[in-house]
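Right, one structure below, let's go through it.
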Amino acid sequence: LPIAPLKRYLYHLKPSSAVMSAESWRALPMTIYGMGRGKGLFSRPDGPLLVVGISHETPPDHDFCDDDQDRIERGFGHEHGLDNMGYALLAQLEPFAPALADVCGLAGTSCGYYAMTPDATPLIGFDAQQENLLHAAGFSGHGLMHAPITAVLVEALLAGDAQSGLARLPEPFAEHSIALSTFDPRRDFSAHTEPMVL
């Protein structure tokens, strides 16, 4: 299957003083700052910390092991000088939210892998060579969010309920359907690429 493990980093910022009330802090939504290549920093509160990250370019890591899951690559760890991704993200945050950038210090770096398809869209459909094998994989970090609709599509495929390549949605959306070709594991991956996966 065309799924590659891509490593993504998160930075945990700790405010040195209160930026706003605790209630307002807890209510902060996930926010994306700027769009375009090299931009698209996002932040969200995580208890007393602010988590920031970005969809950065990393090559697929096909030969990884369990120990690699938490290994911080050179240039990404916040503890080794100012020339790293964490401080670059603080600089990117500053024009949009100076109050956050000015009072927050980098307190931690974490990382993990995303199961990424070439177009960042999951594979849901029958295998090209094994007709009784159905795939539902490659959700690039969105698996839990997509679980309900994935179950609907898998059920339609297994029960043979898809008509003309369309899976009908359950109530209260029964007048709508989803084209299964969007998720077909044999699709043309050059047709669409999601610009950012968080």
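We use all heavy atoms of the structure for the numbers below, so side chains are in, but hydrogens, waters and symmetry mates are not.
- By the ring pair (Phe, Tyr, Trp, His ring centres under 6.0 Å) test, H146 pairs with H142, sequence neighbours left out.
- Within the 3.5 Å criterion, the main-chain N or O of P148 finds no donor-acceptor partner in the side chain of T150.
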Criterion side chain to side chain contact (heavy atoms under 4.5 Å, CB included) on I124 and L180, from CA distance to verdict: CA-CA 8 Å; I124 304 171; L180 292 168; 5.7 Å; no
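- Inter-residue side-chain proximity for Y11 and L50 is flagged as unmet; no heavy-atom pair is nearer than 4.5 Å.
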The test is side chain to side chain contact (heavy atoms under 4.5 Å, CB included); show your working for F139 and L144 and say whether it passes. CA-CA 9 Å; F139 290 89; L144 185 60; over 6 Å; no
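- S164 meets the side chain to side chain contact (heavy atoms under 4.5 Å, CB included) test with no other residue; sequence neighbours excluded.
- Across every non-hydrogen atom of M116 and S140, the tightest pair is SD-CB, 3.5 Å.
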Audit row: C111, L10, side chain to side chain contact (heavy atoms under 4.5 Å, CB included) steps and yes/no: CA-CA 6 Å; C111 60; L10 292 177; over 6 Å; no
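- Listed by first then second residue, pairs satisfying side-chain hydrogen bond (donor to acceptor under 3.5 Å, both in side chains) with a partner in residues 165-181 number zero, not counting sequence neighbours.
- Cluster annotation: L89 is not connected to L49 through the hydrophobic network of ILVMFWY side chains, with a link wherever side-chain heavy atoms come within less than 4.5 Å.
- In this view, L134 and F126, V154, L157, L158 satisfy the side chain to side chain contact (heavy atoms under 4.5 Å, CB included) rule, not counting sequence neighbours.
- Checked against ring pair (Phe, Tyr, Trp, His ring centres under 6.0 Å), F173 has no partners two or more places apart in sequence or in another chain.
- Under the side chain to side chain contact (heavy atoms under 4.5 Å, CB included) criterion, P48 pairs with no residue, sequence neighbours left out.
- Enclosure of atom CG in L133 by more than 12 non-hydrogen atoms of other residues, nucleotides or ligands within 6.0 angstrom is indicated.
- With values rounded to the nearest 0.5 angstrom, R8 atom CZ is found 7.5 Å from Y114 atom OH.
- Counting all heavy atoms, side chain and backbone alike, L166 lies closest to A179 at CD2-CA, 3.6 Å.
- Legend: residues meeting side chain to side chain donor-acceptor pair (under 3.5 Å) with T117, ordered by chain and number and at least two apart, are D119.
- Linking ILVMFWY residues whenever their side-chain heavy atoms come closer than 4.5 Å, directly or via other members, places L13 and M20 in the same cluster.
- At a threshold of 4.5 Å between non-hydrogen side-chain atoms, the residues F189 and P2 count as touching.
- Looking at heavy atoms from C-beta onward, L41 lies out of side-chain contact with I32 at the 4.5 angstrom threshold.
- Under a hydrophobic clustering in which Ile, Leu, Val, Met, Phe, Trp and Tyr are joined whenever their side-chain heavy atoms come within less than 4.5 Å, directly or via other members, I178 and V152 fall into the same cluster.
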Table please: side-chain donor-acceptor pairs of residues 93-110 below 3.5 Å, with sequence neighbours left out.
residue : atom : partner : partner atom : Å
T109    : OG1  : H78     : N            : 3.3
T109    : OG1  : H78     : ND1          : 2.6
S110    : OG   : H12     : NE2          : 2.9

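- The side chain to side chain contact (heavy atoms under 4.5 Å, CB included) check on E23 picks up S21, R26, with sequence neighbours excluded.
- A heavy-atom distance below 4.5 Å is found between the side chains of M30 and F42.
- Taking both residues in full, the closest heavy atoms of I3 and A137 are given as CD1-CB, 3.8 Å, listed atom of the first, atom of the second, then distance.
- Every residue meeting the side chain to side chain donor-acceptor pair (under 3.5 Å) condition with N132, not counting sequence neighbours, appears here in chain and number order: Q130.
- Sorted by first and then second residue, the pairs that involve residues 40-53 and meet side-chain hydrogen bond (donor to acceptor under 3.5 Å, both in side chains), not counting sequence neighbours, are Y33-S43.
- With hydrophobic clusters built from ILVMFWY side chains whose heavy atoms lie under 4.5 angstrom apart, L169 shares a cluster with F183.
- For R186, the salt bridge (Lys or Arg N to Asp or Glu O under 4.0 Å) partners are D184, not counting sequence neighbours.
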